Amino acid sequence: MVKYGLDYTRCRWILPLLLGIGVIFGIIALAGRGWLESQTLPYVQQASLWQNCRRLGGEWSCESLMGYAWGRAAAATYLVGFLLLVICFALAIIAFAIDTLRFNFIRGIGGLLFVAAVFSIMGLVIYPVKFSSEMEMTGINMFSWAYGFGWTTAIMEICLGFFFCCLPNYEDQILGNVKPTYFYSSP
């Protein structure tokens, strides 16, 4: 990507592609039922961002976490972070679809990604702290795959935020306006 610059057709879409992967991971985290699961037999508990399910006898009974203030706060903050990520994805597609890149626009996307990361991390921290202190848990439980997808989304938001913010610093090199510097000079 550095060798050819962002005008190189295939490399131009790497950043929006990575944002799209982050959106997919966010959807998995929002829809996944594996935020908390029983680790050992018998598997009696499974929770998502939205509800807590327990097996009593042979049947599952679910309780909504939206009845708790911390459940609403965790869901709302993670959802706001996800919506900001979707907005950044749409803005990145627009920014990279234009023939002349707008580097200040790209820096704004980076700043918005940092705000999205803050909201996502707030939701990801509120959930386990309050869940483990206020919900009755039986057996050995673990925060599972969907919770991991949530953290992966937050880490991607931070990393892509740095990349989007630092990219305008190399505007001349990316657009090919700088002559190459050779370290070898012939006698």
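Note that the structure is a prediction, hence the values are computed from the model and not measured. Heavy-atom basis, side chains included; hydrogens, waters and symmetry copies ignored.
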Asker: What heavy-atom pair brings Glu157 and Leu85 nearest, and what distance separates the two atoms?
Answerer: OE2-CB, 3.6 Å

Asker: Taking all atoms of both residues into account, what is the closest heavy-atom pair of Tyr78 and Ser120, and its distance?
Answerer: CD1-O, 3.8 Å

Asker: Roughly how far, to the nearest 0.5 Å, is CD1 of Ile106 from CZ of Phe163?
Answerer: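 It comes to 9.5 Å.
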
Asker: What are the two closest heavy atoms between Gly110 and Phe164, and how far apart are they?
Answerer: CA-CB, 3.5 Å

Asker: Quick one, Arg55 and Ser38 - any side-chain contact, counting heavy atoms below 4.5 Å?
Answerer: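 Side-chain contact under 4.5 Å: no.
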
Asker: Can you tell me how far CG of Leu84 sits from CG of Leu91, rounded to the nearest 0.5 angstrom?
Answerer: 10.5 Å

Asker: Could you report the tightest heavy-atom contact between Cys62 and Arg33, atom names first, then the distance?
Answerer: SG-NH2, 4.1 Å

Asker: State yes or no: do Phe89 and Phe162 share one hydrophobic cluster built from I, L, V, M, F, W and Y residues joined by side-chain heavy-atom distances below 4.5 Å, directly or via other members?
Answerer: yes

Asker: Is it possible for you to say whether Tyr68 and Val125 belong to one hydrophobic cluster, with membership spreading through side-chain heavy-atom contacts below 4.5 Å?
Answerer: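 Yes.
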
Asker: Side chain to side chain contact (heavy atoms under 4.5 Å, CB included), that's the test. Do Met156 and Phe25 meet it? Break it down for me.
Answerer: CA-CA 10 Å; Met156 287 182 75; Phe25 286 174; 3.8 Å; yes

Asker: Using atom types as modelled and distance alone, determine if a side-chain donor or acceptor of Arg72 lies under 3.5 Å from a backbone N or O of Met66.
Answerer: yes

Asker: Measure the acute angle between the ring planes of Tyr147 and Phe143, then classify it against the limits of 30° and 60° as parallel, tilted or perpendicular.
Answerer: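 Rings of Tyr147 and Phe143: tilted, 30 to 60°.
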
Asker: Can you get from Leu36 to Val44 by hopping between Ile, Leu, Val, Met, Phe, Trp and Tyr side chains that sit under 4.5 Å apart?
Answerer: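 Different hydrophobic clusters.
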
Asker: Under the 3.5 angstrom rule, does the side chain of Arg54 hit a backbone N or O of Glu136 as a donor-acceptor pair?
Answerer: yes

Asker: Any non-hydrogen side-chain atom of Ile27 less than 4.5 Å from a side-chain atom of Phe82?
Answerer: yes

Asker: May I ask whether Trp145 and Met142 are part of the same hydrophobic cluster, defined by side-chain heavy atoms of I, L, V, M, F, W, Y residues being less than 4.5 angstrom apart, directly or through others?
Answerer: no

Asker: Enter the distance from Thr153:OG1 to Ile21:CD1 here, rounded to the nearest 0.5 Å.
Answerer: 11.0 Å

Asker: Closest heavy-atom contact between Ala154 and Ala117?
Answerer: O-CB, 4.2 Å

Asker: Of the options Tyr127, Trp50, Trp151, which is the one that meets Trp35 in a ring-ring contact (aromatic ring centres under 6.0 Å, His included)?
Answerer: Tyr127

Asker: Check whether any side-chain heavy atom of Ile109 lies under 4.5 Å from a side-chain heavy atom of Leu15, and answer yes or no.
Answerer: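 In short, these two side chains do not touch, never coming nearer than 4.5 Å.
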
Asker: Passes side chain to side chain contact (heavy atoms under 4.5 Å, CB included), Asn141 versus Phe131? Steps please.
Answerer: CA-CA 12 Å; Asn141 296 293; Phe131 192 96; over 6 Å; no

Asker: Walk me through whether Leu83 and Phe119 qualify under side chain to side chain contact (heavy atoms under 4.5 Å, CB included).
Answerer: CA-CA 10 Å; Leu83 290 175; Phe119 277 105; over 6 Å; no

Asker: Side chains of Leu49 and Leu30: does their closest heavy-atom pair fall under 4.5 Å?
Answerer: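 In contact.
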
Asker: Establish whether Ile155 and Ile28 are linked, either directly or via other cluster members, by ILVMFWY side-chain heavy-atom contacts under 4.5 Å.
Answerer: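 Hydrophobic grouping puts Ile155 apart from Ile28.
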
Asker: To the nearest 0.5 Å, what is the distance between SG (Cys53) and CD (Glu37)?
Answerer: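 Separation between the atoms: 11.0 Å.
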
Asker: Kindly indicate, with the supporting measurements, whether the criterion side chain to side chain contact (heavy atoms under 4.5 Å, CB included) is fulfilled by Trp70 and Leu65.
Answerer: CA-CA 8 Å; Trp70 61 266; Leu65 295 179; 4.0 Å; yes

Asker: Ignoring hydrogens, what is the shortest heavy-atom contact between Gly32 and Ser48? Give both atom names and the distance.
Answerer: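 Smallest interatomic distance, heavy atoms only, reads O-CB, 3.3 Å.
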
Asker: Could you check if a side-chain atom of Leu19 sits within less than 4.5 angstrom of a side-chain atom of Leu113, using non-hydrogen atoms only?
Answerer: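 SC-SC contact between Leu19 and Leu113 confirmed.
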
